[in-house]
Amino acid sequence: MMEIFFETKDVFQLKDIEKIAPKEKGITSMSVKEILQSLVDDGMVDTDRIGTSNYFWAFPSKALHARKRKLEELESQFAESSQKKEALQKSIEKSKIGREDTAERAALIEELAVLRQKKEQLKAEIDKYRECDPDVIEEMRQTNKVAKEAANRWTDNIFSIKSWAKRKFGFEESRIDKSFGIPEDLDYID
């Protein structure tokens with residue numbers, strides 16, 4: 001299809017291309033419109049609407065310029081990637097300085113592993129004695145205090161509702177306790 005445009009270097013309407021393509025290039029007439037639209041979408045063929053007609057054209061120089069632009073773009077990407085690669089290689093070489101495999105380095109790595117293992121053992125031992133830590137004990141006291149205040153608040157609420165129900169409905173206290181499952185020995189926590 002592109003050869004039709006490049007060889008004639010002319011501008012065509014769709015009906016002209018539908019006549020020429022099957023004769024000269026053996027393209028089936030049913031697929032000419034789809035192929036042409038695909039070429040337009042890819043930017044290989046230009047199109048413009050003049051009046052009520054659509055005109056299509058493609059010149060060899062445009063294809064050449066498009067290829068040159070793509071080549072320049074790829075070359076710049078290649079140059080940029082090469083610079084990145086060189087920078088990474090230098091970084092690797094710089095990182096290797098002082099990290100050569102020596103007996104001293106191996107001994108230090110082994111010592112580091114032993115110290116890390118000892119640190120983990122000490123952490124486990126600290127966690128084992130955490131219950132005796134004054135900070136943890138104080139935190140538990142504060143938590144207990146808050147829980148005790150909340151329990152007394154709910155107990156007070158229960159007593160308030162019981163007294164309201166006695167006044168409003170004239171129920172006995174034992175009947176209210178039994179109906180709502182309130183224990184007889186319910187009292188404030190000291």
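More than 12 non-hydrogen atoms from other residues, nucleotides or ligands lie less than 6.0 angstrom from CD of Glu138. At most 12 non-hydrogen atoms from other residues, nucleotides or ligands lie less than 6.0 angstrom from CD of Glu3. Residue Arg49 qualifies as enclosed at atom CZ: its count of foreign heavy atoms under 6.0 Å is above 12. Within a 6.0 Å sphere centred on CD of Glu139, heavy atoms belonging to other residues, nucleotides or ligands number 12 at most. Within a 6.0 Å radius of CD in Glu172, no more than 12 heavy atoms belonging to other residues, nucleotides or ligands are found.
Considering CZ of Phe56 and OG1 of Thr47, their distance stands at 4.0 Å, rounded to 0.5 Å. Lys118 NZ to Glu111 CD: the interatomic distance, rounded to the nearest 0.5 Å, is 10.5 Å. Separating the OG atom in Ser160 from the CD1 atom in Ile158 is a distance of 10.0 Å, to the nearest 0.5 Å. Expressed to the nearest 0.5 Å, how far CD of Glu86 lies from NZ of Lys84 amounts to 13.5 Å. The line from OG of Ser174 to CD of Glu184 is 8.0 Å long, rounded to the nearest 0.5 Å. Within the model, atoms CD1 of Ile189 and OG1 of Thr155 stand 6.0 Å from one another, a figure rounded to the nearest 0.5 Å.
A 4.5 Å side-chain heavy-atom check between Gln77 and Glu80 finds every atom pair outside the cut-off. The shortest side-chain heavy-atom distance between Asn54 and Leu14 does not fall under the 4.5 Å cut-off.
The existence of a salt bridge linking Lys33 and Glu18 is excluded, since no basic side-chain nitrogen approaches an acidic carboxylate oxygen closer than 4.0 Å.
In this structure, a donor-acceptor pair under 3.5 Å is absent between the side chains of Glu125 and Gln121.
Closest approach of Ala21 to Val32, counting heavy atoms only: CB-CG2, 3.8 Å.
The backbone N or O of Ala87 sits nowhere less than 3.5 Å from a side-chain atom of Ser91 that would complete a donor-acceptor pair.
The aromatic ring centres of Phe159 and Tyr188 sit less than 6.0 Å apart.
Note: the hydrophobic cluster containing Ile176 also contains Phe169 (ILVMFWY, side chain heavy atoms under 4.5 Å, direct or indirect links). The same ILVMFWY cluster, assembled from side-chain heavy atoms under 4.5 Å apart, contains both Ile50 and Val11. A continuous path of ILVMFWY side-chain contacts below 4.5 Å connects Ile182 to Trp164, so both sit in one hydrophobic cluster.
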Chi angles and distances behind the side-chain contact (heavy atoms from CB on, under 4.5 Å) call for Lys70, Glu73: CA-CA 5 Å; Lys70 185 68 173 174; Glu73 183 183 316; 4.2 Å; yes

Evaluate the side-chain contact (heavy atoms from CB on, under 4.5 Å) criterion for residues Glu120 and Arg116: first the C-alpha distance (whole Å), next the side-chain angles of each, then the deciding distance (0.1 Å), finally the verdict. CA-CA 6 Å; Glu120 291 301 319; Arg116 283 183 177 159; 5.8 Å; no

